[in-house]
Asker: 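Structure provided below as structure tokens; questions to follow.
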There are 2 protein chains.
Amino acid sequence: MRVSTRGEYGVRAMFDLALNFGEGPIALKTIAERQVISEHYLEQLMAALRKADLVKSRRGAQGGYELADTPENISIGEIIRVLEGPITPLDCLDEEKTTGPYCGQPERCVLRNLWRELQDSMTQVLDSTTLEDLRQNAYRLEVAE
Amino acid sequence: MRVSTRGEYGVRAMFDLALNFGEGPIALKTIAERQVISEHYLEQLMAALRKADLVKSRRGAQGGYELADTPENISIGEIIRVLEGPITPLDCLDEEKTTGPYCGQPERCVLRNLWRELQDSMTQVLDSTTLEDLRQNAYRLEVAE
DNA sequence: TTCAATTCCTACCTATTTAGTCGGAAATGA
DNA sequence: TCATTTCCGACTAAATAGGTAGGAATTGAA
């Protein structure tokens with residue numbers, strides 16, 4: 001039931017980009033240093049995020065990464081899915097046809113419903129939270145202190 | 001974000017015991033066959049559940065396993081914790097002292113709050129569902145069909 | 001009293017996933 | 001032209017997942 005470092009680092013990096021949104025591209029090295037993440041490892045994660053169009057990059061001097069959209073249009077769920085695959089407690093939940101015929105095994109369905117409920121509660125949190133939400137919370141914490 | 005087979009099989013086995021609660025000990029072999037789980041592997045899981053006092057066992061002929069308490073007193077969360085460890089998306093959520101001093105890093109807190117919310121939504125589902133709930137749902141599905 | 005059934009225990013094993021590292025090619029602004 | 005920076009493919013060590021193997025101890029019943 002854990003998020004791997006891919007997901008955790010990825011969210012941290014994207015959050016870092018959200019805090020610096022609108023200031024042009026940020027170098028990988030800068031993010032890696034601020035977030036204390038191995039540069040080479042983070043590079044792999046950014047590659048995945050770029051291919052998924054969540055960030056855009058510029059090569060060469062003064063290059064770097066920036067969000068491909070505004071922070072309120074990027075949810076944590078999207079980031080996690082890109083880096084960790086589908087958000088589901090059991091693989092079978094993804095392929096199942098809810099419209100399929102009755103399986104004749106009420107026990108199986110009962111357990112499926114349980115895992116489905118768990119999945120729903122997880123996606124509810126992750127899909128409803130955006131980078132903008134996090135950014136605002138960070139701001140609130142800063143002024144409160 | 002997955003439940004491993006330990007958790008999945010464990011819940012299946014406990015659910016099986018719940019459906020047969022009150023009928024004396026059920027042999028591991030029987031459960032393994034009904035649930036299509038490797039007998040030796042399930043044995044390991046039952047050992048953990050026994051040490052955690054979620055099931056009790058009887059050795060020898062006519063022996064087997066049965067729930068250590070009534071189905072309504074055993075939650076899915078308990079089963080998962082025994083077999084998979086703490087329910088938490090990030091290990092750090094467990095050790096953290098919420099009462100500790102302000103960490104001076106509002107960003108970190110923001111992300112922690114996110115993971116905490118995710119954790120809460122997961123434990124809410126798993127701790128509020130008992131084996132008795134599942135048993136009743138199975139019964140409903142059976143008569144509905 | 002024997003025996004088949006059954007749990008209990010320790011150790012071992014293999015494949016996959018995780019969390020990286022390494023080295024260099026390609027692009028780009030100054 | 002050159003320092004900076006992304007891009008790319010391959011490699012690797014450690015941990016975790018998902019089991020197997022073999023036998024000792026216990027118990028109800030014939």
Side-chain angles (χ1 to χ4, degrees), chain A residues 1-13 17 23-68 80 82-86 89-92, chain B residues 1-13 17 24-68 80 82-86 88-92:
Chain A
M1 309 292 276
R2 308 288 154 89
V3 163
S4 74
T5 57
R6 285 178 65 89
E8 193 206 338
Y9 294 175
V11 170
R12 293 231 302 266
L17 290 181
E23 300 172 13
I26 313 286
L28 184 74
K29 193 177 179 179
T30 308
I31 307 173
E33 272 167 10
R34 275 202 290 244
Q35 301 295 328
V36 195
I37 297 173
S38 147
E39 205 177 322
H40 265 302
Y41 188 46
L42 184 55
E43 197 181 300
Q44 290 181 32
L45 309 184
M46 296 310 285
L49 293 167
R50 180 174 43 79
K51 280 167 193 154
D53 281 322
L54 293 186
V55 300
K56 53 189 181 189
S57 61
R58 198 158 76 205
R59 299 172 93 170
Q62 268 55 258
Y65 295 89
E66 56 191 321
L67 298 184
I80 297 285
V82 166
L83 296 172
E84 311 226 334
L90 248 60
D91 279 330
C92 76
Chain B
M1 310 291 275
R2 308 287 154 91
V3 164
S4 73
T5 56
R6 285 177 67 87
E8 193 208 338
Y9 294 176
V11 170
R12 291 232 302 266
L17 290 181
I26 312 286
L28 183 74
K29 193 177 179 181
T30 307
I31 307 172
E33 272 168 10
R34 275 202 290 243
Q35 300 296 327
V36 195
I37 297 173
S38 145
E39 205 176 322
H40 263 305
Y41 188 45
L42 184 55
E43 195 181 301
Q44 288 180 32
L45 310 184
M46 295 311 285
L49 292 168
R50 179 173 45 79
K51 280 167 193 153
D53 279 323
L54 293 186
V55 299
K56 53 190 180 187
S57 60
R58 200 158 75 204
R59 299 172 92 169
Q62 267 58 257
Y65 295 90
E66 54 192 321
L67 298 184
I80 297 285
V82 166
L83 296 172
E84 311 226 335
T88 179
L90 248 60
D91 279 330
C92 76

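Only heavy atoms go into these numbers, but all of them, side chains included; no hydrogens, no water, no symmetry mates.
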Asker: State, to 0.1 Å, how close B:P25 and B:G63 come at their nearest heavy-atom pair, and which atoms those are.
Answerer: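 Closest approach of B:P25 to B:G63, heavy atoms only: CB-C, 3.9 Å.
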Asker: Can you list every pair that meets side-chain hydrogen bond (donor to acceptor under 3.5 Å, both in side chains) and has a residue in residues 54-68 of chain B, with sequence neighbours left out?
Answerer: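 Pairs touching residues 54-68 of chain B that pass the test: none.
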Asker: How close or far is atom C1' of D:dT4 from atom CD1 of A:I26, stated in whole angstroms?
Answerer: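 Atom-to-atom, A:I26 to D:dT4, this comes out as 15 Å.
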Asker: Write down the protein N/O and nucleotide N/O pairs, taken from nucleotides 27-30 of chain D, whose separation is under 3.5 Å; answer none if there are no such pairs.
Answerer:
{"from": "D:dT27", "atom 1": "O2", "to": "B:A61", "atom 2": "N", "distance (Å)": "3.2"}

Asker: Indicate the atoms forming the closest heavy-atom contact of A:D53 with A:A68, along with that distance.
Answerer: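 Closest heavy-atom pair between A:D53 and A:A68: O-CB, 3.4 Å.
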Asker: Nearest-Å distance, CZ (B:R50) to P (D:dT26)?
Answerer: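 Between P of D:dT26 and CZ of B:R50: 13 Å.
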Asker: A:A48: what forms a side chain to side chain contact (heavy atoms under 4.5 Å, CB included) with it, not counting sequence neighbours?
Answerer: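 Applying side chain to side chain contact (heavy atoms under 4.5 Å, CB included) to A:A48 gives A:R6, A:V82, A:L83.
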Asker: Do A:E84 side-chain atoms and A:G7 backbone N/O form a donor-acceptor pair below 3.5 Å?
Answerer: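 Looks like yes, one N/O pair under 3.5 Å.
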Asker: Taking only nitrogen or oxygen atoms into account, show me every contact under 3.5 Å that the protein makes with nucleotides 18-21 of chain D, one pair per line with its distance.
Answerer:
{"from": "D:dG18", "atom 1": "OP2", "to": "B:T5", "atom 2": "N", "distance (Å)": "3.1"}
{"from": "D:dG18", "atom 1": "OP2", "to": "B:T5", "atom 2": "OG1", "distance (Å)": "2.9"}
{"from": "D:dG18", "atom 1": "O5'", "to": "B:T5", "atom 2": "OG1", "distance (Å)": "3.4"}
{"from": "D:dG19", "atom 1": "OP2", "to": "B:Y9", "atom 2": "OH", "distance (Å)": "3.2"}
{"from": "D:dG19", "atom 1": "N7", "to": "B:Q44", "atom 2": "NE2", "distance (Å)": "3.4"}
{"from": "D:dT20", "atom 1": "OP2", "to": "B:S38", "atom 2": "OG", "distance (Å)": "3.0"}
{"from": "D:dT20", "atom 1": "O4", "to": "B:Q44", "atom 2": "NE2", "distance (Å)": "2.7"}

Asker: Under 4.0 Å from any heavy atom of chain A: name the first and the last nucleotide of DNA chain C that qualifies, 5' to 3'.
Answerer: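 Here the contact window of chain A covers C:dA19 to C:dA30.
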Asker: Would you indicate whether the side-chain heavy atoms of B:L90 and A:E8 approach each other to under 4.5 Å?
Answerer: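 In short, these two side chains touch, coming nearer than 4.5 Å.
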Asker: Regarding A:T5 and A:Y41, do their side chains bring together a donor and an acceptor under 3.5 Å, going by distance alone?
Answerer: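 The criterion, which ignores hydrogens and geometry beyond distance, is satisfied for A:Y41 and A:T5.
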Asker: Bend angle of the helix from C:dT1-D:dA30 to C:dA30-D:dT1 from five-pair axes at both ends, rounded to 10°?
Answerer: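 Inter-axis angle at the termini of the helix from C:dT1-D:dA30 to C:dA30-D:dT1: 10°.
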Asker: Rounding to a whole Å, what distance do you find between A:L42:CG and D:dT5:C1'?
Answerer: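 That distance rounds to 14 Å.
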Asker: Hey, could you give me the NE2/CG distance between A:H40 and A:L28, rounded to the nearest 0.5 Å?
Answerer: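 Reported value, rounded in 0.5 Å steps: 9.5 Å.
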Asker: Where do A:M1 and B:V3 land on the side-chain contact (heavy atoms from CB on, under 4.5 Å) test, with the steps shown first?
Answerer: CA-CA 6 Å; A:M1 309 292 276; B:V3 164; 3.1 Å; yes
Asker: For A:R12 and A:L45, run side-chain contact (heavy atoms from CB on, under 4.5 Å): C-alpha distance rounded to whole Å, both residues' side-chain angles, the deciding distance at 0.1 Å, then the answer.
Answerer: CA-CA 11 Å; A:R12 293 231 302 266; A:L45 309 184; over 6 Å; no
Asker: Is there side-chain contact between B:P86 and A:R2, with at least one heavy-atom pair below 4.5 Å?
Answerer: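 SC-SC contact between B:P86 and A:R2 confirmed.
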Asker: Hey, does A:L54 have a side-chain heavy atom less than 4.5 Å from the side chain of A:L67?
Answerer: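 Sidechains of A:L54 and A:L67: no contact.
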Asker: Let me know the distance between CG of B:D91 and P of D:dA15, rounded to the nearest Å.
Answerer: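 Nearest whole value for this atom pair: 14 Å.
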Asker: Do B:T30 and B:E33 touch side chain to side chain, with heavy atoms closer than 4.5 Å?
Answerer: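 B:T30 does not reach B:E33 side chain to side chain.
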